[in-house]
There are 2 protein chains.
Amino acid sequence: MAEGPTINTIARHAGVSIASVSRVLNGLPTREETVRRVLRAAEELGYVPNSVARSLKSRRTNQVAFAMADIGNPVYLAMVREIQPVLRAAGYRLLLHSTDADVADELDVLRGLGERYVDGLIMSPLRVTEGHLRALAAARAPVVVIGSVPEGAGVDNVRADSRTGVRLALDHLYGLGRRRVAFVNGPADTVPGAARAAAYREALEALGLPYDEDLVEVGDFYREDGARAVQALLDRAGDVDALMCANDLIALGALDVLRRAGRRVPEDVAVVGMDDTDLAAVAWPSLTSVSLGSARRGRAAAELLLDRLENGEREPRVVTVEPRLAVRASTVGVREAEERDEALRTGRAPRTGRAQRTEEAVQAAEAPAGEVAGDAGEGLR
Amino acid sequence: MAEGPTINTIARHAGVSIASVSRVLNGLPTREETVRRVLRAAEELGYVPNSVARSLKSRRTNQVAFAMADIGNPVYLAMVREIQPVLRAAGYRLLLHSTDADVADELDVLRGLGERYVDGLIMSPLRVTEGHLRALAAARAPVVVIGSVPEGAGVDNVRADSRTGVRLALDHLYGLGRRRVAFVNGPADTVPGAARAAAYREALEALGLPYDEDLVEVGDFYREDGARAVQALLDRAGDVDALMCANDLIALGALDVLRRAGRRVPEDVAVVGMDDTDLAAVAWPSLTSVSLGSARRGRAAAELLLDRLENGEREPRVVTVEPRLAVRASTVGVREAEERDEALRTGRAPRTGRAQRTEEAVQAAEAPAGEVAGDAGEGLR
DNA sequence: ATCCCATCCGTAAACGTTTACAGAGCCAGT
DNA sequence: ACTGGCTCTGTAAACGTTTACGGATGGGAT
């Protein structure tokens, strides 16, 4: 671990000043001969520029941080997977913070921006408190928040559209003839929890279905909690014919419980998850799930941040990502799910009238206010 | 984004020198009065120390990088999940590199250590080339490699034990009466690919089973490739009664193909995956899988690196993590898998003699040379 | 020969810290 | 009153870059 050569070492070796070395290495106009000597010395010594020193002078670190609750959650994972290549292509390194959704931790990260170890931050808090808003306002570097933040918070914001998402799912279930659609939610004091609860009520109303408290159960966003919640639901309201779950993990828990209870999915109870994680496709029966576009949200956030880093001041933007419904066996049955799969693979439309009908539900509804991000494939603007 | 206060600003405000400010902030002995003035000024101005400047002076960045092929692969994810908290507890930030298993990229990362933007690196290359060894030898910061690297490479090394792992799986299958056990591998020029191929031959031999080329198929470590490979296998050797897959993704592909071919799992064909990722538990039927201890390897790597960062020079160490077999429905059937689950939950041993027998296979075999890491729970030494 | 301008390069300052060193002030001991 | 030693603080250098500025050199125009 010998001390590496610096610009000084090279200057001495090449018999020039450090200024010349710097100029050559940065491609500024220099006499041919000097260029040769410097490059030669740099090559011989295996010189690598010290990024810390460079950062100190340039006030840029070429690093960006992503702070999320838990890297183990497939939703955040999907985000990281998109964020990483976007940043990388722009020459930024990615730094990861796992905060366990701990508010104090998240605030620490925001304050930590003062240390200037990153040029910007993408953050996806589960809860947004007063403290968050204050810290965001005082942040010493650009921040993009994934997850709704009040207007006027002064930060770029990428939003999912739970409202439309839940609506898609309930329309789909309604179309399949389900009328007792229960809702298994995560904590009501989280951003997604609150949004999805409201969305559920709204969607019921739009469909002319009554809101029945007995059909709503709250746990946490994990498989075990989901299982417990669903068990409670079944005990209380045995006649449910569909479960809308606030994320895929809860839905997996639901599948466990239903299987154990001898209820067939989807014949007796249809199940819809949310987030459309990798797990949904692997589960059995494969899980119909509302995609809230985690990947697209990640990409949009990265692009917003890059834009801000390059173009400096400008009005904060809000980008909303359209949800989609990924229809699989847990609502339409194994047979049709396979047909759909096949159709997707071969690029043809599914055959049956029933498939046709539910296909309509895949159409995303009106976009809400704000910009709307397009396909994952296309860029931001 | 106003320019933040520096140590100079504080010095002026408090009417002292920058040296005093630094001393106070670092807790060096100082007169009471000065301490008060400095702290007051720092508080008022909302001072946050600049970590870049600090790094330049101290030659430490308090950052560590983890370079892996693809953050989307659950194996690496499991590692990150363990690495992150360990590093964090020691005050290090985690930086992520996704190299797509591209050799040039990996070498770039190693060379990049000369930029001194991190204090150390954990790297998990899929292939280890001559170039890797050279770059490792020349690395300007401590590196821990996850994945076998030749003795004498001079780096700390955390290894899986594929040999024992495959052996556990084949013993298990043999115990269930399977005799035509096929092997679906990933590319032979990767470290795990090569290790697992050798392990398969060895395990067969130990069981007195013949090695049949027709029973071996090579694809890539992904679901689609696995499916293709298994299809080819079935076309060629319809009488296989078990599939040993070189990772879980391949095994998932195998489940797809078998289902489509109308082969029951495990009645007609038993399937074993490898890595015991989250997907294995979710799949249907749930997937028996050899855990190579991704989580434990991640943790061990982080601890090795920390140890080296704190204690400086010392002989490179090799840590080998013991494999285990997670027995699930894809080999023993849904019924028994559920019983095992239940037993695990209630902490009692499973009932049936058959369960008893396969339980023995769960015992890890002799540990190979080198240190052996214990449970995920316990520390390194 | 003189002057001007262009080109190239070196000196030095700056980025924000930490820290070696020495000076200032003070008290106690003679 | 002087000295020695202690405590506290300020000055300055250093970490490895980038860059403003001005000096040196040389060539062409007068």
Side-chain angles (χ1 to χ4, degrees), chain A residues 1-39 41-42 45-63 112-119 140-141, chain B residues 1-39 41-42 45-63 112-119 140-141:
Chain A
M1 245 48 75
E3 297 304 322
T6 74
I7 220 179
N8 273 291
T9 332
I10 298 190
R12 244 176 296 128
H13 259 249
V16 300
S17 76
I18 60 166
S20 289
V21 176
S22 177
R23 275 189 289 259
V24 170
L25 296 176
N26 289 310
L28 298 179
T30 316
R31 191 165 48 123
E32 176 89 11
E33 162 71 4
T34 313
V35 171
R36 252 203 313 272
R37 303 235 305 262
V38 169
L39 290 184
L45 297 170
Y47 171 77
V48 182
N50 181 313
S51 64
V52 176
R54 200 204 290 275
S55 290
L56 179 58
K57 186 86 233 266
S58 68
R59 295 149 164 279
R60 320 195 80 240
T61 59
N62 294 310
Q63 296 188 153
L113 291 178
E115 292 179 31
R116 317 241 130 202
Y117 64 97
V118 286
D119 297 336
R140 291 261 170 81
Chain B
M1 246 50 74
E3 296 305 319
T6 74
I7 221 180
N8 273 291
T9 332
I10 299 190
R12 242 175 297 128
H13 259 249
V16 300
S17 75
I18 60 166
S20 289
V21 176
S22 177
R23 275 189 289 260
V24 170
L25 296 176
N26 289 310
L28 298 178
T30 316
R31 189 164 51 120
E32 176 88 11
E33 162 70 4
T34 313
V35 171
R36 253 204 313 271
R37 302 233 307 259
V38 169
L39 290 183
L45 296 170
Y47 170 78
V48 182
N50 180 312
S51 63
V52 176
R54 199 202 291 273
S55 290
L56 179 58
K57 186 83 230 256
S58 68
R59 295 148 164 280
R60 319 196 81 239
T61 59
N62 294 310
Q63 295 187 153
L113 291 177
E115 292 179 31
R116 318 244 123 188
Y117 64 97
V118 286
D119 297 336
R140 292 262 171 78

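Just so we're clear, the structure is a prediction, and the values are computed from it rather than from any experiment. So you know, we letter chains A, B, ... as the sequences are listed, proteins then strands, and number each from 1.
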Would you indicate, yes or no, if [N] has its OP1 or OP2 atom less than 4.0 angstrom from a side-chain nitrogen or oxygen of [X]?
{"X": "Ser22(A)", "N": "dT18(D)", "value": "yes"}
{"X": "Thr30(A)", "N": "dC8(C)", "value": "no"}
{"X": "Tyr117(A)", "N": "dG16(C)", "value": "no"}
{"X": "Ser20(A)", "N": "dG10(C)", "value": "yes"}
{"X": "Arg23(A)", "N": "dT19(D)", "value": "no"}
{"X": "Arg31(A)", "N": "dT7(C)", "value": "no"}
{"X": "Thr6(B)", "N": "dG16(C)", "value": "no"}

Quick one: salt bridge (Lys or Arg N to Asp or Glu O under 4.0 Å) partners of Arg37(B), sequence neighbours excluded? Glu33(B)
If I take atom [atom1] in residue [X] and atom [atom2] in nucleotide [N], what distance separates them, rounded to the nearest angstrom?
{"X": "Ile18(A)", "N": "dC15(C)", "atom1": "CD1", "atom2": "C1'", "value": "14 Å"}
{"X": "Ile7(A)", "N": "dA12(C)", "atom1": "CD1", "atom2": "C1'", "value": "14 Å"}
{"X": "Asn8(A)", "N": "dA13(D)", "atom1": "CG", "atom2": "C1'", "value": "14 Å"}
{"X": "Ile10(A)", "N": "dT18(D)", "atom1": "CD1", "atom2": "C1'", "value": "15 Å"}

DNA chain D: 5'-proximal contact among Glu33(B) and Leu56(B) (nearest heavy atom): Glu33(B)
Using a distance-only criterion (donor-acceptor N/O pair, under 3.5 Å, no hydrogens), is the base of [N] paired with the side chain of [X]?
{"X": "Lys57(A)", "N": "dT18(D)", "answer": "yes"}
{"X": "Arg59(A)", "N": "dG16(C)", "answer": "no"}
{"X": "Arg116(B)", "N": "dG16(D)", "answer": "no"}

Report which part of the nucleic acid Val16(B) touches: base, sugar-phosphate, or nothing (heavy-atom distance under 4.0 Å, all strands). sugar-phosphate
Ranking dT18(C), dC9(C), dT17(D) by distance to the side chain of Ala53(A), first place goes to dT17(D)
